[in-house]
Amino acid sequence: VQLQASGGGLVQAGDSLRLSCAAPGLTFSTYAMGWFRQAPGKEREFVAAISWVPGSTYYADSVKDRFTVSRDNANNTLYLQMNNLEPEDTAVYYCAAAEAFSPMAMRYAYWGRGTLVTVSS
């Protein structure tokens, strides 16, 4: 299973972007989904997660109130709406699938290749 993240790009501070993650070949509605990011020279970090039934979400403190994770189970797609972007949000963003709702990367079995988000000041 290969997840496919898209929607990254170069934006200015304060702008918005929406990332998408397609999950062909995955029984999407039975997996919790998450977004992680890795900035240059830094370790991968948790961004947001959503349960398999879109009733529960969880965010890293650094993105809370600016980012919104959502999913469309009918179309096997995960989203991350990112508002009021900051230069510190610059990173490669990865989507991932897990059997359990969790902020821990080790719980995620399937990963996408990532999409680069660059925020200029």
Side-chain angles (χ1 to χ4, degrees):
V1 175
Q2 181 69 53
L3 306 181
Q4 301 167 357
S6 62
L10 173 63
V11 297
Q12 293 185 330
D15 285 351
S16 298
L17 272 179
R18 188 175 81 156
L19 305 184
S20 299
C21 174
L26 183 72
T27 310
F28 185 76
S29 61
T30 67
Y31 282 84
M33 300 296 294
W35 287 99
F36 294 79
R37 67 186 182 186
Q38 187 166 17
K42 296 187 177 181
E43 294 186 353
R44 182 175 53 188
E45 65 176 358
F46 169 76
V47 175
I50 186 167
S51 59
W52 64 276
V53 174
S56 295
T57 57
Y58 183 66
Y59 297 93
D61 287 343
S62 59
V63 306
K64 199 175 298 183
D65 299 327
R66 298 189 298 122
F67 291 10
T68 302
V69 60
S70 61
R71 64 190 297 162
D72 180 350
N73 285 347
N75 291 296
N76 284 20
T77 305
L78 174 73
Y79 300 101
L80 184 68
Q81 177 66 42
M82 305 186 295
N83 297 330
N84 193 22
L85 283 160
E86 303 170 352
E88 293 74 21
D89 295 317
T90 295
V92 176
Y93 284 71
Y94 300 90
C95 57
E99 292 185 356
F101 180 55
S102 172
M104 299 175 62
M106 64 183 295
R107 296 294 183 96
Y108 288 78
Y110 303 107
W111 292 80
R113 289 187 176 181
T115 185
L116 176 63
V117 173
T118 304
V119 185
S120 64
S121 57

Would L78 and I50 satisfy side-chain contact (heavy atoms from CB on, under 4.5 Å), going step by step from the backbone distance to the final call? CA-CA 9 Å; L78 174 73; I50 186 167; 3.8 Å; yes

Nearest heavy-atom pair of V92 and G114: which atoms, and what distance? CG1-CA, 3.8 Å

Donor-acceptor list for residues 4-19 side chains, cut-off 3.5 Å, not counting sequence neighbours:
from : atom 1 : to  : atom 2 : distance (Å)
D15  : OD2    : Q12 : N      : 3.1
S16  : OG     : N83 : OD1    : 3.0

Could you label the plane-to-plane angle of the F67 and Y93 rings as parallel, tilted or perpendicular, counting under 30° as parallel and over 60° as perpendicular? tilted

Heavy atoms only: give me the nearest V63-V47 pair and the separation to one decimal. CG2-O, 3.5 Å

Atom OH in Y59, atom CG in D65: separation rounded to 0.5 Å? 9.5 Å

Just verifying a value: how many Å separate R71 CZ and S29 OG, rounded to the nearest 0.5 Å? 7.5 Å

Taking CZ in R66 as the centre, count heavy atoms belonging to other residues, nucleotides or ligands within less than 6.0 Å. Is the count above 12? yes

Closest non-hydrogen atom pair, N75 against D72: ND2-OD2, 2.7 Å

Could you tell me whether a side-chain N or O of S51 sits under 3.5 Å from a main-chain N or O of F101, the two making a donor and an acceptor? no

Give, for atom CZ of R37 and atom CZ of R44, the distance between the pair rounded to the nearest 0.5 Å. 14.0 Å

Distance-minimising heavy-atom pair for Y31 and T27: CD1-O, 3.3 Å

Approximate separation, where rounding is to 0.5 Å, of C21 SG and M33 CE: 4.5 Å

Without swapping roles, check the side chain of W52 against the backbone of A98 for a donor-acceptor pair under 3.5 Å. no

Does one hydrophobic cluster hold both L85 and V69, with members joined at side-chain heavy-atom distances below 4.5 Å? yes

Could you label the plane-to-plane angle of the F36 and W111 rings as parallel, tilted or perpendicular, counting under 30° as parallel and over 60° as perpendicular? tilted

Take D89 and M82 through the side-chain contact (heavy atoms from CB on, under 4.5 Å) test and state the conclusion after the steps. CA-CA 9 Å; D89 295 317; M82 305 186 295; over 6 Å; no

Enclosure of Q2 CD (heavy-atom neighbours >12, cutoff 6.0 Å): yes

L3 side, atom CG; C95 side, atom SG - distance, nearest 0.5 Å: 4.5 Å

Distance (rounded to the nearest 0.5 Å) between F46 CZ and S102 OG: 8.0 Å

